[in-house]
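Scroll down for the structure; my scribbles are underneath it.
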Protein chains: 2
Amino acid sequence: MDEVFKALADASRRSLLDRLHAKNGQTLNELCDGLAMTRQAVTKHLGILEAANLVGTLKHGREKLHYINPVPIHQIGERWIRKFERGKLAALSELKRQLEKRDE
Amino acid sequence: MDEVFKALADASRRSLLDRLHAKNGQTLNELCDGLAMTRQAVTKHLGILEAANLVGTLKHGREKLHYINPVPIHQIGERWIRKFERGKLAALSELKRQLEKRDE
DNA sequence: ATAATAGGCAACCAGATGGTTGCATGTCAA
DNA sequence: TTGACATGCAACCATCTGGTTGCCTATTAT
């Protein structure tokens, strides 16, 4: 879980996921295209995404194809985000109550 | 958005949010309790959470009360997580297709 | 008034992170 | 088979990050 959060913390990596979301199964060079960094930097980012199980790869000849794995993202939504959404209204009204109390 | 992801990337900070989720409106010292780091370190973490608008504070005498703000978390769920959930099944079946193709 | 309590601020430090360059390897095409 | 192409690997570098220590300020309680 921690690895996934860490992986998602970087804007370049989120952008890579976006690109894969737009077109799955791209090669390394394809993913480098238009990015303001070297291929090696992209390799590192993809490595981190892979380690976090956010992308899977498939070697096809001399090319390496990258596929998004939506499961960890979904898990974060399920196990983490929703937990805080449940208390949302309660938390807001509590905050409101406290803010009003301040001016007494 | 980037600030929120960065803030959530650290396990200590997520744990602080958990604590606030369990009991909202805690003071700094309360939040320090039982954690294996100095008060100053916790202050920094809370500062980052505050900068990301994940917690709001209220001064009450010499105490500083911390309240969770669920909105940014909710936004990440809405604007980011859901996007990838939509393509989930499609992505999985695509991956499956590719994996099978490999063994041809 | 004074001591204890709650917190703020700044300097410093080691290790992680994001990036680079340079070169090696494996695969495809001519 | 030889050159071009897609990728891998390693060393290096600057900066960011998470943590520390030391000291200062403000509020409360005795």
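A note on names: the letters A, B, ... follow the listed sequences, proteins ahead of strands, and every chain is numbered from 1.
- A straight line from CG of A:Leu31 to C1' of D:dG8 spans 16 Å, rounded to a whole angstrom.
- Summarising the geometry, the separation between CD on A:Gln26 and C1' on D:dA6 is reported as 15 Å, rounded to the nearest angstrom.
- Under the rule for a side chain to side chain contact (heavy atoms under 4.5 Å, CB included), the partners of B:Lys64 that lie at least two apart in sequence or sit in another chain are B:Glu50, B:Thr57, B:His66.
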Shorter than 3.5 Å, N or O on both sides, protein versus nucleotides 25-30 of chain D: list them out with atom names.
residue : atom : partner : partner atom : Å
D:dT27  : O2   : B:Arg62 : NH1          : 3.1

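- Atom CG in B:Leu28 sits roughly 6 Å away from atom P in C:dG8 (whole-Å rounding).
- Within the 4.0 Å cut-off from OP1 or OP2 of C:dT20, at least one side-chain nitrogen or oxygen of A:Thr38 is found.
- Using a 4.0 Å cut-off between a side-chain N of Lys or Arg and a carboxylate O of Asp or Glu, A:Arg82 and A:Glu78 qualify as a salt bridge.
- Distance CZ (B:Arg13) to C1' (D:dC16): 12 Å, rounded to an integer number of Å.
- A:Asn29 has a side-chain polar atom (N or O) that falls below the 4.0 Å cut-off from OP1 or OP2 of D:dT7.
- Minimum interatomic distance between A:Trp80 and A:Phe84 (heavy atoms only, all atoms of both residues): O-CD1, 3.3 Å.
- Closest contact between the side chain of B:Lys64 and the listed nucleotides D:dA6, C:dG8, D:dT20 involves C:dG8.
- Smallest separation of non-hydrogen atoms from B:Phe5 and A:Leu8: CD2-O, 3.7 Å.
- To the nearest 0.5 Å, atom NZ of residue B:Lys6 and atom CZ of residue B:Arg13 are 10.5 Å apart.
- Scored by the salt bridge (charged side-chain N to carboxylate O under 4.0 Å, His left out) test, B:Arg14 finds A:Asp2 as partners (sequence neighbours excluded).
- Spacing between atom CG of A:Leu58 and atom C1' of D:dA6 amounts to 16 Å, rounded to whole angstrom units.
- Spacing between atom CD of A:Glu3 and atom C1' of C:dT17 amounts to 15 Å, rounded to whole angstrom units.
- The side chain to side chain contact (heavy atoms under 4.5 Å, CB included) test applied to B:Met37 returns B:Ser12, B:Leu35, B:Ala41, B:Val42, B:His45, not counting sequence neighbours.
- Listed by first and then second residue, the salt bridge (Lys or Arg N to Asp or Glu O under 4.0 Å) pairs involving residues 22-40 of chain A are A:Lys23-A:Glu30 (not counting sequence neighbours).
- For the pair B:Lys6 and D:dC16, the criterion of a side-chain N or O lying under 4.0 Å from OP1 or OP2 is not met.
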Please write out each protein N/O paired with an N/O of nucleotides 9-11 of chain D under 3.5 Å, distance rounded to 0.1 Å.
none

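- One can place CD1 of A:Ile48 at 16 Å from C1' of D:dG8, the figure rounded to the nearest angstrom.
- Each of A:Ala41 and B:Glu30 was assigned the nucleotide of DNA chain C with the nearest heavy atom; the assignment lying further toward the 5' end belongs to B:Glu30.
- One can place CE of B:Met37 at 12 Å from C1' of D:dT20, the figure rounded to the nearest angstrom.
- Residue B:Leu54 is tested with B:Val71, B:Asn69, B:Leu49 for a side-chain contact (heavy atoms from CB on, under 4.5 Å); the sole match is B:Leu49.
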